[in-house]
Number of protein chains: 2
Amino acid sequence: MLNPLHLRTLTAVLNAGSFAAAARRLGYTASAVSQQIAALERAVRMPLFERGAQTITPTPAARYLVSRAYDVLAALDALEEDVRGMSEGTIGRLRLGSFPTASQRLLPIALASYAGTHPSVETVLDEGEPDELIPLLRAGELDLALVYRYDPVPRAWPRDLQEIGLLEEELLLLLPGGHSLAAAETVALDDLKQETWVSTREGTAGASCLRRLCAPAGYEPRVDYRSNDYGVIRGLVRSGLGVALVPALAHVPSQGVVTARLSGVEARRRIAAVHRGTNPAVTGAVWSLCQAAARLAAELPSVRTSSATPTKSGA
Amino acid sequence: MLNPLHLRTLTAVLNAGSFAAAARRLGYTASAVSQQIAALERAVRMPLFERGAQTITPTPAARYLVSRAYDVLAALDALEEDVRGMSEGTIGRLRLGSFPTASQRLLPIALASYAGTHPSVETVLDEGEPDELIPLLRAGELDLALVYRYDPVPRAWPRDLQEIGLLEEELLLLLPGGHSLAAAETVALDDLKQETWVSTREGTAGASCLRRLCAPAGYEPRVDYRSNDYGVIRGLVRSGLGVALVPALAHVPSQGVVTARLSGVEARRRIAAVHRGTNPAVTGAVWSLCQAAARLAAELPSVRTSSATPTKSGA
DNA sequence: TGTAACATGCTACGCATGGATCGGGCAGCC
DNA sequence: GGCTGCCCGATCCATGCGTAGCATGTTACA
């Protein structure tokens with residue numbers, strides 16, 4: 001196979017006019033250039049230069065070779081450049097998975113800054129719950145997934161995935177405006193034994209979390225209404241159909257609904273970014289997510305960033 | 001610089017599905033493939049495969065690399081293929097120089113067969129006398145030149161040029177139809193002392209040749225009319241304005257002009273192909289010229305091929 | 001003096017060989 | 001059914017050998 005380095009040297013020789021000049025330009029010795037040209041002449045089975053004592057004149061074959069070699073070298077250089085950008089995460093594709101709350105509150109902030117710093121990364125977004133996203137991540141169909149985990153409901157990701165903690169949000173109690181506890185700053189779960197509840201659907205981590213929180217208080221919450229849409233849950237609470245426990249980020253203040261903090265329990269939802277570490281673009285995306293998390297934590301008192309501070313040098 | 005061989009191996013691995021299968025296809029050992037992929041991964045600073053025990057799954061980076069590598073490899077392969085054709089003389093450009101007689105009688109036959117066997121060679125033709133063509137040949141502006149040389153007028157080409165003899169043609173005496181010697185088969189130059197001559201222009205080899213042939217007979221030919229166009233010469237002879245000595249190929253039988261052979265002297269014009277040996281396309285062209293020369297020699301009694309018989313394996 | 005070609009020695013790359021490791025498939029057993 | 005041990009294919013690693021590729025020094029030429 002023709003050696004691209006030889007082709008490059010050949011073009012340098014034609015541009016420079018002599019082996020020695022080309023050698024100086026390329027950082028070779030004149031002998032090395034001479035040997036490369038000789039090797040190239042053997043490869044193409046044609047003389048490429050008419051040798052004089054102090055002068056060389058390229059044959060038409062050499063000129064033809066150079067004209068054609070340009071395409072090859074340009075393609076190789078372009079590929080190399082793109083590969084470099086890809087390895088640095090500045091170009092490429094980032095396939096992102098996220099659950100609804102994060103898609104609404106965290107992702108817009110993160111993606112805005114990410115798009116600014118990585119304009120050439122094509123970002124595609126898949127919506128889904130953690131249980132749906134993790135398999136996609138392992139199958140290589142996602143590069144990065146935003147997932148959540150309730151402290152009372154232990155949950156571990158497969159070992160081949162890496163987790164970066166982003167946010168820890170309190171679980172807020174949602175009460176109808178006219179509720180007898182509406183004025184309280186904090187409420188104990190003990191005081192809610194008689195309540196009817198609005199919760200996420202059976203089988204979800206949110207539903208399990210509620211059950212496990214009430215268990216120490218000695219009762220099973222009576223759930224009359226279920227929805228996975230926090231907007232729907234908020235509406236049901238506002239109508240006085242029950243109380244609810246929702247993550248802080250999932251709640252937007254609205255008339256007719258008051259919030260209270262739980263007393264006596266540490267109930268949090270943790271939001272994390274999970275990836276497999278093969279796509280360099282995730283490094284920058286994680287950094288943007290950490291920044292966005294920090295902004296949210298600064299704005300909302302019931303939200304705080306997880307352990308690590310954002311660092312630019314990811315794994 | 002990215003190694004094209006590594007890129008080729010990478011594509012083979014993705015097509016084959018495993019290192020071992022790709023190795024079998026490429027004629028490598030599995031270890032060699034593994035090492036090439038490892039080297040490529042170092043070069044692009046990205047993992048290209050997720051390794052399992054018996055299975056590998058390419059990363060998106062690998063797929064991207066393959067899709068881009070195709071262009072590079074295709075360009076390299078195409079270049080290599082064209083270079084191969086060029087070195088074999090089947091493609092490329094042949095710059096040909098020729099003098100008028102050869103352009104009319106020899107070249108059409110030769111180029112017809114050459115175009116058939118080398119359809120991808122672009123042929124360009126320059127018209128000129130040997131003294132004009134030789135410098136062009138040495139300057140690299142011509143690849144092959146058809147030249148002539150009169151036996152009585154020694155002429156040598158520069159040593160860096162190679163000559164392939166093609167034809168030897170007799171010099172024929174042209175007489176007006178009503179000339180007193182018109183019925184003779186052969187004529188001695190001694191009998192032409194009183195004639196007026198039509199010849200090529202002063203300074204041409206043809207004019208020198210005539211003078212040198214007459215010298216042994218003890219006279220200087222009286223040239224009243226000169227033209228380098230043999231058609232014009234023939235017309236002047238037909239009109240009875242003189243006699244002429246023309247190469248056999250330059251003469252086409254026509255009414256009012258009779259030809260006679262010279263007796264007592266060996267006067268021939270030799271037609272040869274001259275080249276510098278840098279362009280592989282000349283080999284095929286020379287072969288076609290030899291063939292055409294053979295055809296002409298078979299048709300015309302006063303023309304015979306030079307020394308060598310046409311061989312396909314030129315220098 | 002400058003340039004190219006040649007001869008020599010050294011370095012590094014590239015491949016093959018052989019062995020180690022990993023993980024899945026399979027049979028047999030509790 | 002589930003567990004255990006074995007086998008097998010595939011990759012990775014260490015080693016050795018051959019060779020390509022470059023530098024150095026020298027020669028030849030104008």
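Just so it is clear, the values below take in all heavy atoms, side chains as well, and ignore hydrogens, waters and symmetry mates. Per chain, numbering begins at 1; letters A, B, ... match sequence-line order.
Per the geometry, CG belonging to A:L5 stands 17 Å off P belonging to C:dA12, to the nearest Å. Rounded to whole angstrom, the span from the CZ atom of B:R8 across to the P atom of C:dC15 amounts to 13 Å. Atom CD in B:E41 sits about 12 Å away from atom P in D:dT11, given to the nearest Å. Rounded to whole Å, atom P of C:dA5 lies 12 Å from atom CZ of A:R42. Atom CZ in B:F49 sits about 12 Å away from atom C1' in D:dT11, given to the nearest Å.
Side-chain nitrogen and oxygen atoms of A:Q36 include none within less than 4.0 Å of the OP1 or OP2 phosphate oxygen of D:dG21. For the OP1/OP2 pair of C:dC15 and a distance below 4.0 Å, the side-chain nitrogens and oxygens of B:T29 include no atom meeting the criterion. Residue B:N3 places none of its side-chain N or O atoms closer than 4.0 Å to OP1 or OP2 of C:dC13. Checking the phosphate oxygens (OP1, OP2) of D:dC12, a side-chain nitrogen or oxygen of B:S34 falls inside 4.0 Å.
Among the heavy atoms of the strands lying under 4.0 Å from A:S18 are primed sugar atoms or P, OP1, OP2 only; no base atom is included. Across all strands, B:S31 comes closer than 4.0 Å to base atoms (heavy-atom distances).
Contact check on A:R45 versus B:E88 returns no salt bridge, with no Lys/Arg side-chain nitrogen under 4.0 Å from an Asp/Glu carboxylate oxygen. Ionic pairing of B:R68 and A:D82 is present here: one or more N-O contacts between side-chain nitrogen and carboxylate oxygen are shorter than 4.0 angstrom. B:D77 has a carboxylate O that lies under 4.0 Å from a charged side-chain N of B:R8, or vice versa, which qualifies the two as a salt bridge.
For A:A32, whose side chain is taken as the heavy atoms from C-beta onward, the closest listed nucleotide among C:dA4, C:dC15, D:dC22 is D:dC22. Considering only the side chain of B:F19, D:dC12 comes nearest among C:dA4, D:dC12, C:dC15.
Of the listed residues (A:T9, A:V33, A:N15), just one forms a side-chain contact (heavy atoms from CB on, under 4.5 Å) with A:R25, and that residue is A:N15.
The residue among A:A30 and B:T55 whose nearest nucleotide of DNA chain D lies closer to the 5′ end is B:T55.
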